[in-house]
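All of these numbers come straight from a predicted model, not from anything done at the bench.
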Amino acid sequence: MRCRMVTIIGLVTIVALVWLLAWAMGLESDSERRRRKSASSAEALTHNNLAAERQTRRAA
């Protein structure tokens, strides 16, 4: 009976760890997607927009 309980606890632990790993990797993927989106919008800034942004930062 104890051996069966240890096996069940071990399997539940392994399943939980695999689920946690998959969840963490999913968060990392979302983070990468947001970073790429942010980088692409930053590249879209023209020279005039960038100059105006610098002036605004100095004024603040």
- Task: List, by chain and number, the other hydrophobic cluster members for Met1, where Ile, Leu, Val, Met, Phe, Trp and Tyr join if side-chain heavy atoms come within less than 4.5 Å, directly or indirectly.
- Result: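 For Met1, no cluster forms, as it stays isolated from other hydrophobic side chains.
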
- Run through the side-chain heavy atoms of Ile, Leu, Val, Met, Phe, Trp and Tyr, join any pair under 4.5 Å, and report what else lands in Val12's cluster.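 Hydrophobic cluster check, Val12: joined to Ile8.
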
- Query: So do the side chains of Thr13 and Ile9 get within less than 4.5 Å of each other, counting heavy atoms only?
  - Reply: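 Yes - at least one pair of side-chain heavy atoms lies under 4.5 Å apart.
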
- Task: Report whether Leu20 and Leu27 are members of the same hydrophobic cluster (ILVMFWY, side-chain heavy atoms less than 4.5 Å apart, transitive linking).
- Result: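 In one cluster: yes.
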
